[in-house]
Amino acid sequence: MKRFQIDLAESELKIVLEALTKLEHHMSTICAESDDEDEIADIGNDLIEVRLLLKPLRERAIKQFGEGIVNFSRESM
């Protein structure tokens with residue numbers, strides 16, 4: 001398997017995490033609500049891959065930058 005290395009600033013990583021989190025939620029919703037077995041199978045397989053990417057990335061990000069890295073709220077503090 002070929003590998004790809006990337007160096008991200010905290011703000012850039014936060015954008016990637018938010019996008020992957022939204023994608024995971026969207027795919028999960030499709031799997032839960034669809035009546036199309038083929039769609040569920042296709043999206044479900046992709047969902048597994050997204051989760052395999054997201055989980056360790058989220059864990060590493062929190063370890064390095066703290067819990068705030070996964071706070072995607074746009075509300076003023």
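In this chain, residues are counted from 1 in sequence order.
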- Check step by step if side chain to side chain contact (heavy atoms under 4.5 Å, CB included) holds for Ser34 and Ile43. CA-CA 10 Å; Ser34 179; Ile43 298 293; over 6 Å; no

- Same cluster for Ile69 and Leu20 if Ile/Leu/Val/Met/Phe/Trp/Tyr side chains link at under 4.5 Å? yes

- Query: Under a 4.0 Å N-O cut-off, is there an ion pair linking Glu18 with Arg74?
  - Reply: yes

- Message: Any heavy-atom pair between the side chains of Leu17 and Leu13 that's under 4.5 Å?
- Response: yes

- Item | side-chain hydrogen bond (donor to acceptor under 3.5 Å, both in side chains) partners for Arg51, two or more places apart | Glu24

- Do Leu53 and Val70 belong to the same hydrophobic cluster, where Ile, Leu, Val, Met, Phe, Trp and Tyr are linked whenever their side-chain heavy atoms lie under 4.5 Å apart, directly or via other members? yes

- Do you know which two heavy atoms are closest between Leu57 and Val16, and how far apart they sit? CD2-CG1, 4.2 Å

- Task: Nearest 0.5 Å please: distance from the NZ atom of Lys55 over to the CZ atom of Arg60.
- Result: 14.5 Å

- Heavy atoms only: give me the nearest Leu47-Met27 pair and the separation to one decimal. N-CE, 3.7 Å

- Same cluster or not: are Leu8 and Phe72 linked, directly or through other Ile, Leu, Val, Met, Phe, Trp or Tyr residues, by side-chain heavy atoms under 4.5 angstrom apart? yes

- In terms of heavy-atom contacts, does CD of Glu67 have more than 12 from other residues, nucleotides or ligands at under 6.0 Å? no

- Counting only N and O atoms by type, is there a donor-acceptor contact under 3.5 Å from the side chain of Glu12 to the main-chain atoms of Ala9? yes

- Query: Any link between Ile15 and Phe65 through a network of hydrophobic side chains (Ile, Leu, Val, Met, Phe, Trp, Tyr) touching at under 4.5 Å?
  - Reply: no

- Message: Between Glu10 and Lys14, does any NZ, NE, NH1 or NH2 come within less than 4.0 Å of an OD or OE carboxylate oxygen?
- Response: no

